[in-house]
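The sequence lines fix the lettering, A, B, ..., with proteins before strands; numbering per chain opens at 1.
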Number of protein chains: 2
Amino acid sequence: MASQTEENYLKTLFNLANDKNEVNISELAAQMQVSMPTVNSMVKTLQKNDWLIYEKYKPVILTQKGKKEAALIIRKHRLTEMFLVNKMGFGWEEVHEIAEQVEHIHAPKFFERMDEMMGFPTIDPHGSPIPDKQGRIQEINYLTLSKCKAGQTVILAALTNSSTEFLEFLNSRELSLGTELTINSVENYDQSMVATYVGHTSETLSEKVCERLLVRVIG
Amino acid sequence: MASQTEENYLKTLFNLANDKNEVNISELAAQMQVSMPTVNSMVKTLQKNDWLIYEKYKPVILTQKGKKEAALIIRKHRLTEMFLVNKMGFGWEEVHEIAEQVEHIHAPKFFERMDEMMGFPTIDPHGSPIPDKQGRIQEINYLTLSKCKAGQTVILAALTNSSTEFLEFLNSRELSLGTELTINSVENYDQSMVATYVGHTSETLSEKVCERLLVRVIG
DNA sequence: TTATAATGTTAGATTTATCTAACAAAATTG
DNA sequence: CAATTTTGTTAGATAAATCTAACATTATAA
């Protein structure tokens, strides 16, 4: 069984993996907020337990076993976030920290009960997919709002960033998943958008914000 | 902040403390399932952080700070057990293991929400009192069933032991907190009792079982 | 009340997860 | 393509939590 620390490395590796499934030591060190030698020694340990493939001076790659384990930890994290929001009344900006701890609990029935009580949700409160019990992730390809054009109508479906600050910004503008937005115009100079949605006419959204909003185009 | 390991020592110290608030190193070692030298070095660490008082060759005593910390961990444990039973549908025999992990989560709001959702319960599923937010415990003095006499009627209020095996035994006899029992007779030879309660006439309960059942006499 | 048993301590080793300093390889760029 | 920068590795140290072996103190009991 992976230690709590190892679980955090696996999860981070899964999230950082690029199209080739590779992660650099330096990226991992930055994300985990530890030094490169620490990562170096940890990837050797993880390799011994067949969680990943490592060769000197090469980026690391999770094995199938490693990927599955990581996905199951992410599953616990996202189920917890959804449970906290839907069953315990937390705001979407409050749940990450708690889920970060709850995800390490070893008690399959605990998470199965959450899942059941929520009716087997497929996404978490930030629109990210919840891996299934086999660790499979249903990948949905949303568009970032910044790729959309003036005149289009879209539904806010997910976020590419879920920092507390960003979530609080969205709260302040009354933007939540499911909100239907119509793009009035796109400013050529800075790519900011002006949009209209329930309760808000001509709300300006900076490019930075638009890049972090994932949408489904409906018109 | 106490580490998870330190939290476990504090909790165990609290539970083992006798009338003088003292705990022997050997008891603690046995309960924690570690060697005496491990305990010896840990109590020195705990003393440095003012969790307890330690003098060579003397039993250790929790400080006020240590007692409060321990009580607050026990509070998280018992709130969790109650939440698992009342809000998530677990059986009372399933919750200890999960609570043992959840009690170490640092997220005051998480436990406050549980507390709120349950209407601020004062006992856990096994009848043990839940310490309040200040770490104060309301001590209730129940009688063990074994101290009662033939002819008395009692209500099952709490347990002195909550092992899975004992809880499963109680389940098998349909005994739960709140059950009203009438003692038909007490066997002189082995102190076993014959009792009657809803759905059960003349159920025999061994002395071992009677000692573990805490009751309130009502007639 | 002394011998024995039980309890507690010290010393020193181990594992895990981390660090800094020094060095080596790979990538970038003038 | 050689110099420099970035990235990665090795060596060695540290702190936490554990162990065993050996020794010391306290308690018990003949």
Side-chain angles (χ1 to χ4, degrees), chain A residues 1-14 16-62 66 69-70 73 100-101 103-104 106, chain B residues 1-14 16-62 66 69-70 73 100-101 103-104 106:
Chain A
M1 199 168 62
S3 70
Q4 202 151 309
T5 308
E6 288 173 324
E7 288 191 348
N8 283 329
Y9 277 90
L10 292 176
K11 192 181 51 155
T12 303
L13 279 161
F14 190 96
L16 289 179
N18 62 19
D19 47 340
K20 287 185 208 132
N21 286 323
E22 296 176 341
V23 180
N24 297 319
I25 304 293
S26 55
E27 283 176 83
L28 189 48
Q31 192 66 30
M32 294 293 298
Q33 311 215 62
V34 297
S35 67
M36 285 209 292
T38 299
V39 169
N40 184 275
S41 94
M42 182 52 81
V43 298
K44 286 174 180 172
T45 306
L46 290 169
Q47 185 191 32
K48 277 192 200 102
N49 292 297
D50 195 34
W51 299 114
L52 52 72
I53 293 157
Y54 164 68
E55 284 176 84
K56 260 196 189 186
Y57 297 107
K58 297 256 179 76
V60 298
I61 300 175
L62 283 179
E69 185 73 8
I73 297 159
E100 207 65 13
Q101 299 177 65
E103 71 189 5
H104 298 295
H106 293 285
Chain B
M1 199 166 66
S3 71
Q4 203 152 308
T5 306
E6 289 173 322
E7 288 190 348
N8 283 329
Y9 277 90
L10 291 176
K11 193 182 51 155
T12 304
L13 279 163
F14 190 97
L16 288 180
N18 61 18
D19 46 342
K20 288 186 207 128
N21 285 322
E22 296 176 342
V23 180
N24 297 319
I25 304 294
S26 55
E27 283 177 83
L28 189 48
Q31 191 66 30
M32 295 292 299
Q33 311 213 62
V34 298
S35 67
M36 285 210 292
T38 299
V39 169
N40 184 275
S41 94
M42 182 53 79
V43 298
K44 286 173 180 172
T45 307
L46 291 169
Q47 186 191 31
K48 279 195 198 101
N49 291 298
D50 194 33
W51 300 115
L52 53 73
I53 293 158
Y54 164 68
E55 284 176 87
K56 260 197 188 185
Y57 297 107
K58 295 256 179 76
V60 297
I61 301 176
L62 282 180
E69 186 73 9
I73 296 158
E100 206 66 12
Q101 299 177 65
E103 71 189 5
H104 298 294
H106 293 286

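With rounding to whole Å, B/N8 atom CG is found 14 Å from D/dT18 atom C1'. A/M1 places its CE atom 16 Å from the C1' atom of C/dT15, with the value rounded to the nearest Å. Between the CG atom of B/L28 and the C1' atom of C/dA6 there is a distance of 17 Å, given to the nearest Å. In this entry the distance linking CD of B/E22 with C1' of C/dG8 reads 15 Å, nearest Å. Taking atom CE of B/M36 as the reference point, atom P of D/dT25 lies 15 Å away to the nearest angstrom. Per the geometry, CD belonging to A/E55 stands 11 Å off P belonging to D/dT9, to the nearest Å. Between the CD atom of A/Q47 and the C1' atom of D/dT9 there is a distance of 14 Å, given to the nearest Å. One can place CG of A/N24 at 10 Å from P of D/dT9, the figure rounded to the nearest angstrom.
Checking D/dA17, C/dT9, C/dC19 against the side-chain heavy atoms of B/N40 singles out C/dT9 as nearest. Across C/dC19, D/dT20, C/dG8, the shortest atom-to-atom separation from the side chain of A/S35 is found for C/dC19. Distances were taken from every side-chain heavy atom of A/T5 (C-beta onward) to each of C/dA11, C/dT18, D/dT18; the shortest belongs to C/dT18. Counting only heavy atoms from C-beta on, A/V34 has its side chain closest to C/dC19 among C/dC19, C/dG8, D/dG8.
Of the two residues near DNA chain C, A/M42 and A/Y57, the one whose nearest nucleotide lies more 5' is A/M42. Nucleotides of DNA chain C nearest to B/P59 and A/M32 differ in position, and the one nearer the 5' end is that of B/P59.
Distances shown here put a side-chain N or O of A/T38 below 4.0 Å from the OP1 or OP2 atom of C/dC19. Between B/K56 and the phosphate of C/dT10, there is a side-chain N or O to OP1/OP2 separation shorter than 4.0 Å. Side-chain nitrogen and oxygen atoms of A/S41 include none within less than 4.0 Å of the OP1 or OP2 phosphate oxygen of C/dT18. Not one side-chain nitrogen or oxygen of B/K44 sits closer than 4.0 Å to the OP1 or OP2 atom of C/dT9. Phosphate proximity of C/dG8 to B/S26: present, with a side-chain N or O under 4.0 Å from OP1 or OP2. At least one side-chain nitrogen or oxygen of A/Y9 sits closer than 4.0 Å to the OP1 or OP2 atom of C/dT18.
With rounding to the nearest 0.5 angstrom, the CE atom of A/M32 is 12.5 Å from the CD1 atom of A/I25. Considering CG of B/L46 and CG of B/L62, their distance stands at 8.5 Å, rounded to 0.5 Å. Distance check: B/E55 CD to B/I61 CD1 gives 8.5 Å after rounding to the nearest 0.5 Å. B/E69 contributes atom CD, which lies 11.5 Å from atom CG of B/D50 (distance to the nearest 0.5 angstrom). In this structure, OG1 on A/T45 lies 9.5 Å from CD on A/Q47, to the nearest 0.5 angstrom.
Exactly one residue among A/E7, A/Q4, A/K11 makes a side-chain hydrogen bond (donor to acceptor under 3.5 Å, both in side chains) with A/H104. That residue is A/E7.
Residue contacts shown for B/K58 are absent, as no nucleic acid heavy atom lies under 4.0 Å away.
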